[in-house]
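Following: one structure in structure tokens, then a few remarks.
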Amino acid sequence: MKLIIVLVATFIGSLSTVSGQQQINQECFTRPNNKDPKECCKLPDVKAPHEKFASCMQKFPKPSGPPPSSGSPPQGPPPGFNCMAQCILEQEGVMTNGVISKDAATSVWVALVGSSPDWQTAAKSAIDTCYQQIASLGTQKDSSGCSVAAGVFKECLPTTMFSNCPASSWTASAECDQLKAHLAKGCPLMTLFKGPPPQ
């Protein structure tokens with residue numbers, strides 16, 4: 001599950017407007033509180049094979065410096081998010097020729113979460129939910145020529161996993177419940193991580 005956080009953290013400091021797809025409601029960027037999501041849901045302690053994705057990190061590095069200010073809150077994932085997501089999915093063997101394999105994705109995610117039956121169930125459910133979410137996108141590409149479905153899929157997975165965090169891994173509190181309610185409005189998990197405040 002650290003792979004999820006790596007992908008989110010790679011871009012959270014550079015959220016900005018993207019053209020066309022994946023528009024995020026501006027209200028999503030107003031966090032309900034400053035609670036760290038990782039303190040609410042205890043994710044499995046899985047070490048992602050960083051070296052496997054080193055080429056993706058080099059090809060699509062995190063933008064340096066502050067994001068350009070347009071005078072309005074960001075509206076979607078940052079530039080390069082779809083490309084990075086596609087690269088990682090291809091490296092994982094989950095995406096081939098622009099198409100995401102549900103079976104391959106399930107296999108990868110179940111392996112990542114380990115032997116916990118609760119997390120295996122959550123992983124399978126997340127794959128089902130996110131695969132349905134990308135069904136209508138097909139091989140649609142963004143302005144950089146990268147798969148929109150890849151970005152949506154990689155954004156959906158951590159959000160869904162957090163939203164369906166097993167009771168055995170969930171820390172019940174008013175603040176944590178507020179974070180889950182925030183996601184229930186259609187906001188992605190990345191909007192709950194601390195980053196530059198909206199302009």
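What you see is a predicted model, and the numbers here were worked out from it, not measured in a lab.
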| field | With Glu90 via side-chain hydrogen bond (donor to acceptor under 3.5 Å, both in side chains) - residues at least two apart | value | Gln86

| task | Return each pair, listed once, that meets ring-ring contact (aromatic ring centres under 6.0 Å, His included) where at least one residue sits in residues 143-164; pairs must be two or more places apart or across chains. | result | Phe162-Trp170

| How far does CG of Asp36 sit from SG of Cys176, to the nearest 0.5 angstrom? | 9.5 Å

| If only atom types and distance count, is the side chain of Ser125 paired as donor or acceptor with the main-chain N or O of Thr121 below 3.5 Å? | no

| note | Applied to residues 93-107, the salt bridge (Lys or Arg N to Asp or Glu O under 4.0 Å) test, sequence neighbours excluded, yields Lys102-Asp128

| Counterpart residues, salt bridge (charged side-chain N to carboxylate O under 4.0 Å, His left out), relative to Glu39 (two or more places apart) | Lys35

| query | Partners of Ser107 by side-chain contact (heavy atoms from CB on, under 4.5 Å), sequence neighbours excluded? | reply | none

| If we only count heavy atoms from C-beta on, is the Phe60 to Ser55 side-chain gap below 4.5 Å? | no

| query | Between Cys187 and Cys28, is the SG-SG gap under 2.5 Å? | reply | yes

| request: Locate the shortest heavy-atom distance separating Ala150 from Ala85; write the atom from each residue and the value. | output: O-CB, 3.5 Å

| request: Not counting sequence neighbours, which residues clear side-chain contact (heavy atoms from CB on, under 4.5 Å) with Val110? List them please. | output: Thr106, Gln120, Lys124

| task | For residues Asn82 and Gly151, report the shortest heavy-atom separation together with the two atoms involved. | result | OD1-CA, 3.2 Å

| message | For Ala126, is there any backbone N or O sitting under 3.5 Å from a side-chain donor or acceptor partner on Thr129? | response | no

| Who are the side-chain hydrogen bond (donor to acceptor under 3.5 Å, both in side chains) partners of Ser173, not counting sequence neighbours? | none

| request: Return the set of residues passing side-chain hydrogen bond (donor to acceptor under 3.5 Å, both in side chains) with Ser168 (not counting sequence neighbours), or none when no residue passes. | output: Asp118

| query | Taking only residues two or more places apart in sequence or in another chain, which ones pass side-chain hydrogen bond (donor to acceptor under 3.5 Å, both in side chains) with Gln132? | reply | none

| Is a side-chain N or O of Ser144 found less than 3.5 angstrom from the main chain of Cys146, in a donor-acceptor match? | no

| request: Apply side chain to side chain donor-acceptor pair (under 3.5 Å) to the pair Gln178 and Asn33, showing each step before the final yes or no. | output: CA-CA 8 Å; Gln178 287 173 355; Asn33 58 59; 2.7 Å; yes

| request: For Glu27, check side-chain contact (heavy atoms from CB on, under 4.5 Å) against everything at least two apart and list the hits. | output: Asn25

| query | Can you find a pair of side-chain heavy atoms, one from Pro32 and one from Leu179, that are under 4.5 Å apart? | reply | yes

| note | Sequence neighbours excluded, the answer for side-chain contact (heavy atoms from CB on, under 4.5 Å) partners of Thr96 is none

| Do the non-hydrogen side-chain atoms of Met161 and Val113 ever get within less than 4.5 Å of each other? | yes

| message | Is there a side-chain contact between Met57 and Met84 in this structure, where contact means two heavy atoms from C-beta onward sitting under 4.5 Å apart? | response | yes

| query | When rounded to the nearest 0.5 angstrom, what distance separates NZ in Lys154 from CE in Met95? | reply | 11.5 Å

| remark: Of Asn164, Thr191, Leu183, Leu192, the one forming a side chain to side chain contact (heavy atoms under 4.5 Å, CB included) with Thr159 is Leu183

| message | To check you understand the geometry: which heavy-atom pair defines the closest contact between Lys141 and Gly145, and what is its length? | response | CD-O, 3.4 Å

| Quick one: disulfide bond (SG atoms under 2.5 Å apart) pairs with a partner in residues 94-143, sequence neighbours left out? | Cys130-Cys156

| What are the two closest non-hydrogen atoms of Ser169 and Trp119, and how far apart are they? | OG-NE1, 2.9 Å

| message | Rounded to the nearest 0.5 Å, what separates atom CG in Leu89 from atom CD1 in Ile100? | response | 5.0 Å

| task | Determine the minimum heavy-atom distance between Gly138 and Ala149, stating which atoms define it. | result | O-CB, 4.0 Å

| query | For the atom pair CD1 (Ile127) and CG (Leu157), what is the distance rounded to the nearest 0.5 Å? | reply | 4.5 Å

